[in-house]
Amino acid sequence: MSPEQAASALIEATVVMHNSGVPFMRRVLAAADPEPELWQHYPEHDAVSPRGGSRYFYHCHPVEDRGVDEHGHFHLFLAKSAMPKPRGVAIAPIGRKARAQNPKVVHIAALSINQAGLPVSLFTVNRWVTNEWLYPHDQIMAALTRFDLTGADGDEFVNKWLTAFVHLAKPTISDLLIQRDLALSDVDWDGEERTLEITSSIPVDLQDLVEAYVS
Amino acid sequence: MSKSINLATMLAVAGGLAMAVAPAAASASCNPTPSRAASIPYNNCYAKPKKAKKVKVAKAGCCAAKPGCCASSAGGCAPKSGCCAAKCGPKG
């Protein structure tokens, strides 16, 4: 998906959701009645593409973790199977049980949402936070073209919106992952340093992102 | 598509999003019960503080940078037995 296509797809999904009277975050939290629970994944079992395994979930942390401005965030993943071959250039999840039971995921970035329901920043997390397979920046970027939530559980237009957003925000995601790798190489490339949770963060201005690619 | 579209206006939730509340079955802090932890396959409550046992990898070029500690493998580089895996990581 080119940036121009991503910008158009994101606008289209936004307009459809707005015109229906059920905006983006109301759809994400449709199952959260009357309010979301801390830590609960929305959708409950994540939205996972049947083709390729792209995945997301949204959740909320306690306010003492994230501050009063953030409502929650999306964690966006590629499937390990989507990574370039030969594989093996990765740090595995810790623990045989975790490797056997957890979905084999590669964390792309997290998208922070404010209390009004608007995206405000992208950030990366240390490997232990999601118990992911940790791949370096260049390999994730090479696989990012495969990120596609079409057909995943959850709301169709949310899936379209997030797919478009990831493709639109590729340059920002690239910068984030470079910063993450530098942070990890300074501390612990295994991703097990528990004092380091957020490895990089960049504010997002959605309007600017889109307007760069629409005429 | 027109630049006149205001995305924030269209995305904003009137009245704001409802505040998240602590689940009834678990503490609001990052200290879930085992059953709750099992139901949340991966977040920072799940991961337990264990020392990394094995690292498979590294970035191309790491072998040259750490000739005593990294060996070539099919996927690129890998730490030799007994070596500190972190030394094989990308150096930015």
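Chain identifiers are assigned alphabetically (A, B, ...) following the order of the sequence lines, protein sequences preceding nucleic acid strands; residue numbering begins at 1 within each chain.
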If we only count heavy atoms from C-beta on, is the B:L11 to A:W161 side-chain gap below 4.5 Å? yes
Contact between A:T14 and B:I5 at the side-chain level, heavy atoms closer than 4.5 Å - yes or no? no
Residue among A:C60, A:A116, A:G72 with most heavy-atom pairs under 4.5 Å to chain B: A:A116
Side chain, backbone, both or neither: which part of A:I113 has an atom under 4.5 Å from a heavy atom of chain B? side chain
Could you grab the distance from atom CG of B:L7 to atom CG of A:L118, nearest 0.5 Å is fine? 9.5 Å
Give, as side chain, backbone, both or neither, the part of A:N114 having an atom under 4.5 angstrom from any heavy atom of chain B. backbone
Measuring heavy-atom distances to chain B, does A:L29 have an atom under 4.5 Å in its side chain, in its backbone, in both, or in neither? side chain
A:V63 versus chain B, heavy atoms under 4.5 Å apart: side chain, backbone, both or neither? neither
Heavy atoms only: give me the nearest B:M10-A:P23 pair and the separation to one decimal. O-CB, 3.9 Å
Indicate the atoms forming the closest heavy-atom contact of A:E35 with B:A18, along with that distance. CB-CB, 3.6 Å
Indicate the atoms forming the closest heavy-atom contact of A:L38 with B:A20, along with that distance. CD2-CB, 3.6 Å
Between B:M19 and A:Q115, which heavy-atom pair has the shortest distance, and what is it? SD-OE1, 3.8 Å
